[in-house]
Amino acid sequence: MPETSLKLFDSLTAQLQPFLARPTGEVGVYCCGPTVYDVAHVGHARAALAPDILVRHLRAEGYPVKYVRNITDVDDKILKRAAENQEDPLALSARMTVLYQQDVHALGCAPPDVEPKVSEHIGDIVQLISRLIERGAAYVVEEQGVRSVYYSVRAFPGYGKLSKRKIEELQVGARIEANETKRDPLDFALWKGCAETGWGWPSPWGKGRPGWHIECSAMSERHLGHGFDVHTGGMDLIFPHHENEIAQSEGAFPGEGPFVRTWIHNGFVNVDKEKMAKSLGNFVTIRQVYERNDPEALRYFLLSVHYRGPIAFETEKLPDERVIFPGIIEAERRVDYLYQTLARLRALAESDKTGTISTLPPSLAGYATLANEAVPRLRAALDDDLNTPVALSVIAEVAKAGNELCDLVQRKKDTLLLKLSPYVASRLAKALVDVTERLGLLQTMPATYTQRTQLQRLALRGLTAAAVDQKIADRAAARAAKDFARADAIRVELTAWNVEVFDTPTGTSWRLLA
RNA sequence: GGUGAGGUAGCCAAGUGGUUAGGCAACGGUUUGCAAAACCGUUAUACGCGGGUUCGAAUCCCGUCCUCACCUCCA
């Protein structure tokens, strides 16, 4: 295993802990994936992104990683929604699973190595529940011929250690649903028995389906084993979901150490200072963002705040009733900027025929130093509990230096500078790529990105490239005739379309802004 | 009530004892027919409030106010 100075904030100990991989030759990361009863919103995007950054960083540092992100495709909410739709529950969840996969893949999140589904792990779940019953940690309750299984919370001494809750305090809020038969209000369902006509799978206790929580214990055990390295999820999962996972897994394997070595929880996406949530109705789906903005802009936006802090997602209604996302637009312009910078640097670097240069004049040495230090600085930022805002600041500095170099070359006709700058540009371009790659940014060719965003922006405004080109041609004619008043009037029209006009010695180009 | 997170310049956001983080906006400049983009400069000796520790505090300690979240499904 490689050396690392990575430190992660562990929710269990509530402290920054040095990352120490378990000695199995493979780092196990488990991300609590979505319950697929509806399309995913921006909060889900954030929850998928945090482990993606961790996994990318670990891999870049040389660790073999097994990344598991589950799909909860069996759940009461799925059952309810499917009934409303008059749809088969697994058909609904399969549909939503595909949408989720598309959404997070477009976000630039590496696909998990294993994406286990509850419906395909019923056997593991039944086995784990049986084990808990054998150990006296769970019990079967029968009512009207239907048998369910509950976890006996008081039998697990460590209950509450993750969420810092005491059993006595929990009891106040706990309650028993009308149809529940558990012995203690704190107990939770491992297996929900149902009638033969209901939605379920056979089990030693009769037909039924798993309760929420048990699937993650069973599937992580199956794919990563007990005591794996990192478990991630949103902060709202700390209680009761993750607390219950600990109770289940450690209750089933006593004496085998902690269920998980490090717990990582990401903060919420807020709308008007409130958590974005289905129940509040204030959510914006990932695909709603993609309708207006590039997926990479959403990624950049989410990375601009440390994963544990809250991030404010703004929406703004324009006079024409269109809804825009100002924060995402700002992020998209930054992504534009990075791609443009990369394209500029590569254009300059193309004429590099010098090979490696050991001695650079002072005017250029600083750029080489910055290029050399970029990756170490980025690694240090990510080592510090995945500090992506600092990582983005390193990227910003590299990009700024790259543009500065390109500007310098455009203006000065210094022979030495012209001769050596392509080499320096290639160094900066490489640094920019290396550094953005670690965050999963700039993963396409600049030209591809530009084409994709320009097409989207044209479509959003109901414009065509031909219409813009016509205006540009009219303006070029006016300029050639030195009719600057007319040329400027046309430019005002173009600006109203959000088109940015760029006159160069070789002609006029344009782009549509985000 | 319990538990946790957070309050940093016009806005966003890093920073946990001592050198300008970074970004956005605005304004000034380089450039340009004029612009835009890019770059430079200014806005910025900012850290919720009140005490304390220290040569020195956004950072540590005590108190206090405010916001949000979890305690019921939630990423």
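In the text below, chain A, chain B and the rest are named by the order of the sequence lines, each starting its count at 1.
Rounded to an integer number of Å, the gap from NE2 of A/His306 to C1' of B/rG22 is 16 Å. Atom CG of A/Asp384 and atom P of B/rA21 are 16 Å apart (whole Å). Between the CZ atom of A/Arg344 and the P atom of B/rC39 there is a distance of 8 Å, given to the nearest Å. Atom NZ of A/Lys482 and atom C1' of B/rG33 are 7 Å apart (whole Å). If you take CZ of A/Phe239 and P of B/rA75, they are 17 Å apart, rounded to a whole angstrom.
The base of B/rA35 lies close enough to the side chain of A/Arg491 for a donor and an acceptor atom to sit less than 3.5 Å apart. Judged by distance alone with a 3.5 Å cut-off, no donor-acceptor contact links the side chain of A/Asp236 to the base of B/rC73. With hydrogens and angles ignored, no donor-acceptor pair closer than 3.5 Å exists between the side chain of A/Arg333 and the base of B/rC24. Between the base of B/rU31 and the side chain of A/Arg411 there is no donor-acceptor pair shorter than 3.5 Å. Between the side chain of A/Arg334 and the base of B/rC24, no donor-acceptor pair under 3.5 Å is found. With hydrogens and angles ignored, no donor-acceptor pair closer than 3.5 Å exists between the side chain of A/Asn387 and the base of B/rG15.
Only one option out of A/His242, A/His231, A/His223 pairs with A/Tyr30 in a ring-ring contact (aromatic ring centres under 6.0 Å, His included); it is A/His231.
Note on A/Asn403: a side-chain N or O is less than 4.0 Å away from OP1 or OP2 of B/rC39. Distances shorter than 4.0 Å separate none of the side-chain N or O atoms of A/Lys164 from OP1 or OP2 on B/rC70. Taking 4.0 angstrom as the limit, A/Tyr337 places a side-chain polar atom (N or O) nearer than this to OP1 or OP2 of B/rC39.
Comparing the same atom, C1', in B/rC47 and in B/rC12 gives a spacing of 15 Å after rounding to whole Å. Distance check on atom P: B/rC60 versus B/rA5 gives 13 Å, rounded to whole Å.
Of the residues near RNA chain B, A/Val394 and A/Asp75, the one whose nearest nucleotide (by heavy atom distance) lies more toward the 5' end is A/Val394. Two residues, A/Asn266 and A/Ser304, neighbour RNA chain B, and the one matched to the more 5' nucleotide by heavy-atom proximity is A/Ser304.
Among the heavy atoms of the strands lying under 4.0 Å from A/Phe502 is at least one base atom, whether or not backbone atoms are also near. Within 4.0 Å (heavy atoms only), A/Gly327 reaches no atom of the nucleic acid at all. The residue A/Val269 sits close to a base: some heavy atom pair falls under 4.0 Å. Residue contacts for A/Lys400: at a heavy-atom cut-off of 4.0 Å it reaches the sugar-phosphate backbone alone, with no base atom in range.
In this structure B/rU30 sits in a base pair with B/rA38, meeting the Watson-Crick or G-U test at under 3.5 Å. Base pairing of B/rU54: no nucleotide in any strand meets the Watson-Crick or G-U wobble criterion (both distances under 3.5 Å). Nucleotide B/rG1: paired with B/rC71 (Watson-Crick or G-U wobble, both distances less than 3.5 Å). In this entry B/rG63 has B/rC49 as its Watson-Crick or G-U wobble partner, both defining distances falling under 3.5 Å. Nucleotide B/rG10 forms a Watson-Crick or G-U wobble pair with B/rC24, both donor-acceptor distances falling under 3.5 Å.
Side-chain contact, A/Thr508 with A/Asp503: a donor N or O sits under 3.5 Å from an acceptor N or O. Side-chain polar atoms of A/Tyr159 and A/Asn244 form a donor-acceptor pair below 3.5 angstrom.
You'll find the ring centres of A/Tyr100 and A/His44 outside the 6.0 Å limit. Checked against the 6.0 Å centroid criterion, the rings of A/Phe325 and A/Phe301 do not qualify as a close aromatic pair.
With centroids closer than 5.5 Å and planes inclined by less than 30 degrees as the test, A/Phe484 and the base of B/rG33 pass as a stacked pair.
Among the nucleotides B/rG23, B/rA21, B/rC68, the one closest to any side-chain atom of A/Lys273 is B/rC68.
In this structure, A/Lys80 does not pair ionically with A/Asp75, as no charged nitrogen and carboxylate oxygen lie closer than 4.0 Å.
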